[in-house]
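Each remark here refers to the structure printed beneath this line.
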Amino acid sequence: MKDETEADLSGATPRRRPKPDVVELGGRPLKPATLMMGHGYDPMLSEGALKPPIFLTSTFVFENAAAGKRHFEGVTGKRPGGAEGLVYSRFNGPNQEILEDRLGVWEDAEDALTFSSGMAAIATVLLALVKPGDIIVHSAPLYAATETLIGKILGRFGVHWLDFPAGASREEIDAVLGRAQAEGRVALIYLESPANPTNALVDVEAVKASRDALFGTGPDAPPIAIDNTFLGPLWQKPLRHGADLVLYSLTKYAGGHSDLVAGGAVGSKAAIAPIRAMRNTIGTITDPHSAWMLLRSLETLELRMSRAGENAAKVCAYLRDHPKVETVGYLGFLEEGSRQADIYRRHCTGAGSTFSLYLKGGEKESFAFLDALKIAKLAVSLGGTETLASAPAAMTHLSVPDERKLALGITDNLVRISIGVEDADDLVADMEQALKAV
Ligand SMILES: *Cc1c(COP(=O)(O)O)cnc(C)c1O
């Protein structure tokens, strides 16, 4: 939480300064799990409240007219660096600033923004970076709404796209980027890894090497943005592998309780600046209440994700050997020596808790399994404390043309499962009894 209150030198009411944040001890930087409890918040600025209050206000009072002018110079970009204090709740608020400080910690990011949904984050980034005639190069497949936004909605404004498959090699990426470069201005390279629902990983290091080789590293090179919803911020930190902007649906693992919708973006100050300016203009910022809920969620992020990851490993180990199961598409089971396993080794520190279960049979079998589950809930979404299961072919991807569904491995016997933090043995027992009903 930024605060620029100064001791009043006239000798009138002394004003409080925020207490400096403790971010290291004895030269050792504190870990994110520790920083989530207090980073960016000084209780003494809020009547000593241990937890930040929810600041339900639409606007903020300026100390004096000159301070107001200075703030607006920051907001409008007349002066670089953004606003130094709080101005108006479409631009920012205390809850959102604390949240942004803490979200950035997980990836050692210089700057961070939060949004009213994951799609609001993605839409704001796209609106900030593309103009008519531009080309977006993206990995495929993408989250369905992202694909709609790039293909259909931005298409109406004369923006074009080219894609490469998520698992593409350096040569394949070079070929697509080279073709895009020959066709027009490449505004953005947009990635999603792992891809939904295939779980295919994108080689971010190869994308960066390809971008740098073709476009150089100057300010005109297209930035690399990546949707890190499935493994971030714990198991994959793409800023370290060459991404410029990392995007989140905070609705999923970061929120983690299936009780809010929000989005995030982290990156360098330079990468975030145009996104912040667009968010200031269109008002896609998260609300104070959701921001407060997310602060609570981040305190247990590592605990929740670690437990969900351990549970998923146990459940997948059970499912893999079951006679009614065809295969389990889980990042923990990548074939030794394969290209995907190599990308995983270089980019990821955990296999996540969302995977694809292919049953022997078709829709009849997958529906029988879903209907028989007693602990896992039948719902779309992922990353919550509770285990969820759904049938993508009949639900999230119902409107995808059959040919494309097949190419993506979205078959009628596919069940998508997001494992939660319940007891692992109970979850295995639930899978066992549901498979009996198949
Ligand atoms: C859910 C999701 C989104 C969209 O996020 P919302 O918070 O629902 O707007 C984007 N990308 C991925 C990978 C997602 O899973």
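Atoms within a ligand are numbered from 1 in the order they appear, just like the ligands themselves.
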### Task
If you have a sec, work out which protein heavy atom is nearest atom 9 (O) of ligand 1 and how many Å separate them, to one decimal?
Met119 N, 2.8 Å

### Message
Give the atom numbers and elements of ligand 1 that come within less than 4.0 Å of a heavy atom of Asp227.
### Response
10 (C), 11 (N), 12 (C), 13 (C)

### Task
Using distance alone, determine whether Ser249 and ligand 1 share an N or O pair under 3.5 Å.
yes

### Message
Nearest 0.5 Å, please: how far is OG1 in Thr124 from CZ in Arg279?
### Response
8.5 Å

## Note on the structure
To the nearest 0.5 Å, atom CG of Leu427 lies from atom CD1 of Ile417 at 9.5 Å

### Query
For Gly118 and ligand 1, does the shortest N/O to N/O distance drop below 3.5 Å?
yes

### Task
Kindly check if the number of other-residue, nucleotide or ligand heavy atoms within 6.0 Å of CZ (Arg170) is above 12?
yes

### Message
With a 3.5 Å distance limit and no angle check, can you tell me whether Asn199 reaches the backbone of Phe355 through a side-chain donor-acceptor pair?
### Response
no

### Task
Please work out which of the three classes, parallel, tilted or perpendicular, describes the rings of His289 and Trp292, given edges at 30° and 60°.
parallel

### Message
Show me which atoms of ligand 1 lie under 4.0 Å from any heavy atom of Thr251.
### Response
6 (P), 7 (O)

### Task
Keeping the roles fixed (side chain from Asp111, backbone from Gly267), state whether a donor-acceptor pair exists under 3.5 Å.
no

### Summary
re atom 8 (O) of ligand 1, the protein heavy-atom contact at minimum distance is Tyr143 OH, 4.0 Å

### Summary
If we number the atoms of ligand 1 from 1 as shown, the ones under 4.0 Å from a heavy atom of Ser117 are 7 (O), 9 (O)

### Message
Give me the nearest non-hydrogen protein atom to atom 14 (C) of ligand 1 as residue plus atom name, then the distance to 0.1 Å.
### Response
Lys252 NZ, 2.9 Å

### Query
Side chain or backbone of Ala262 under 4.0 Å from ligand 1, or both, or neither, by non-hydrogen atoms?
backbone

### Task
Using a strict 4.0 Å cut-off to heavy atoms of Phe230, name the atoms of ligand 1 that fall inside it.
13 (C), 15 (O)

#### Entry: Lys/Arg N to Asp/Glu carboxylate O, Arg346 vs Asp203, below 4.0 Å
yes

